[in-house]
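Every chain is numbered from 1 and lettered A, B, ... according to where its sequence line falls, protein lines coming before strand lines.
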There are 2 protein chains.
Amino acid sequence: MTQPDDISPLALNRISVYLRCLRHLQAEGVSRIASQEMARRFHLSASQIRKDLAYFGEFGIRGVGYDVAHLRERLERLLGIQRLHPAIIVGAGNIGTALALFPGFHSGNFRIVAIFDNDPTKVGTELAGVTIRHSHELAPGIEETGAEIAILAVPAEVAQENYQALVEAGIKSVLNFAPVQLELAPEVRVKTVDLLIFMEELAYFLQ
Amino acid sequence: MTQPDDISPLALNRISVYLRCLRHLQAEGVSRIASQEMARRFHLSASQIRKDLAYFGEFGIRGVGYDVAHLRERLERLLGIQRLHPAIIVGAGNIGTALALFPGFHSGNFRIVAIFDNDPTKVGTELAGVTIRHSHELAPGIEETGAEIAILAVPAEVAQENYQALVEAGIKSVLNFAPVQLELAPEVRVKTVDLLIFMEELAYFLQ
DNA sequence: GATTGTGAATAGATTCACAGCT
DNA sequence: AGCTGTGAATCTATTCACAATC
């Protein structure tokens, strides 16, 4: 499938939100919806919904609205989540463990196919139905499983070296939970989730 | 302290990033730094650093750069993290537990002062040095501890009702981990961290 | 000479408003 | 009649380039 590569992450994230809304609507048995009604129900902007959707094609019917099931399918294809994405977790500490057990990763379009840690007492134990392997085995583990996405959940001090190892092992994208400014490789897309920055944002508005 | 209330969240998050960089520099013994050098070291934009900082005041010395220790202190005051912020966790499941044990919440300017869950088998047990209380006790718990920030780590299905309870109990801001569009109360600031949306963003660029 | 702080210029995102379909 | 798709208008953010300052 061809797609624009220069869409803004903001618009892309909104597409994910729309998709979630459509799933809700579908579960409720709604089969058609207008942008305005969707905006009202989920606290979004109607013109932005139309603009975002139109960016990828003409999905609606003028005078009528959008077909919920059809639009949902189109958006899933668009995001590339019509198929299952194998993912790995690097670091089986608190955050890694929590993510391994996160229900969203068991019901959706992502599957945790391997977990790595460098603590020998953890290696060999089971977590979320997967046996933890040693971080040395990152490269063969990624190759065997065809993993595309790595969730990096290691301490900040070792995040850069683990990221490097993932890049060399041929991973395609990384979701990073370590609170560091990673030195990025151009061929690997990284999304950093920095809890302290979120907390500091909230702290600012407390004043 | 007075401050502009209309700063963009993007700029605010960058201030957090600068602060982290300054801490690194200070730990390395660097006492002065120019925007250009800081940009080079941490992969940022020099003109953006200057613009962001200048928005809050004149922190630098022309021809010289910025005093690391001084700027750090100013930014901490600016973000309101010169003092400790008491925070609570609602939901002691996988994510709630991981966050309770997250090192960032033990070394920084945030302190987890209470944890709530509605599972009677969890109530009364210890987690990260705090005894888990029943969710019924949210309001008195918030009052006693003076908690300002709540970390909402409950299943998606019950996120809205727990949010409502937090609003009624007088919390000031919420960091929400449930993958839902919360119906927001105007007086409570909310930041949602949605892992599935991040994963979907990465999936898009795999294609 | 070097570097900040800042107005002007550019780029990007959102909202408006309406022509074009059904 | 009603709602989408979209160009134009507005608003926001980033980058540039240089005068002001040390």
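For the pair B:Arg50 CZ and C:dA2 P, the interatomic distance rounds to 15 Å; values are reported in whole Å. Nucleotide C:dT4 holds its C1' atom 13 Å from the CZ atom of B:Phe59, rounded to whole Å. Whole-Å rounding puts the A:Asn13 CG to C:dA13 P distance at 12 Å. Nucleotide D:dC3 holds its P atom 13 Å from the CD1 atom of A:Ile49, rounded to whole Å. Going from atom CD1 of B:Ile33 over to atom C1' of C:dT3 covers 13 Å, rounded to whole Å. The distance between atom CD of B:Gln48 and atom C1' of D:dA13, rounded to the nearest whole Å, is 8 Å. At whole-Å resolution of the value, OH in B:Tyr55 and P in C:dT6 are 13 Å apart. We find that CZ of A:Arg32 is positioned 11 Å from P of D:dC3, with the value rounded to whole Å.
OP1 or OP2 of D:dG5 lies within a sub-4.0 Å distance of a side-chain N or O belonging to A:Tyr66. Between B:Ser35 and C:dT3, a side-chain N or O to OP1/OP2 separation shorter than 4.0 Å is absent. Considering only side-chain N and O atoms, B:Ser8 lies nowhere under 4.0 angstrom from the phosphate OP1 or OP2 of D:dT12. For the OP1/OP2 pair of D:dA17 and a distance below 4.0 Å, the side-chain nitrogens and oxygens of B:Ser47 include no atom meeting the criterion.
Salt-bridge annotation for B:Arg20 and A:Glu200: absent, with no side-chain N of the basic residue lying under 4.0 Å from a carboxylate O of the acidic one. Note on B:Glu37 versus B:Arg41: no salt bridge recorded, every NZ/NE/NH1/NH2 to OD/OE distance being 4.0 Å or above.
When each of A:Val64 and A:Leu10 is assigned the nucleotide of DNA chain C bearing its nearest heavy atom, the one mapping closer to the 5' terminus is A:Leu10. For B:Ala34 and B:Lys51, each mapped to the nucleotide of DNA chain C holding its nearest heavy atom, the one lying further toward the 5' end belongs to B:Ala34.
The 12-atom threshold is not exceeded at NE2 of A:His24, counting heavy atoms of other residues, nucleotides or ligands nearer than 6.0 Å.
The only option from A:Val193, A:Asp194, A:Ile197, A:Leu195 that meets the side-chain contact (heavy atoms from CB on, under 4.5 Å) definition with A:Pro179 turns out to be A:Asp194. With respect to A:Gln164, the side chain to side chain donor-acceptor pair (under 3.5 Å) criterion is satisfied by exactly one of A:Glu161, A:Gln160, A:Glu168: A:Gln160.
The base of C:dG5 lies outside donor-acceptor range of the side chain of B:Arg62, with no N or O pair under 3.5 Å.
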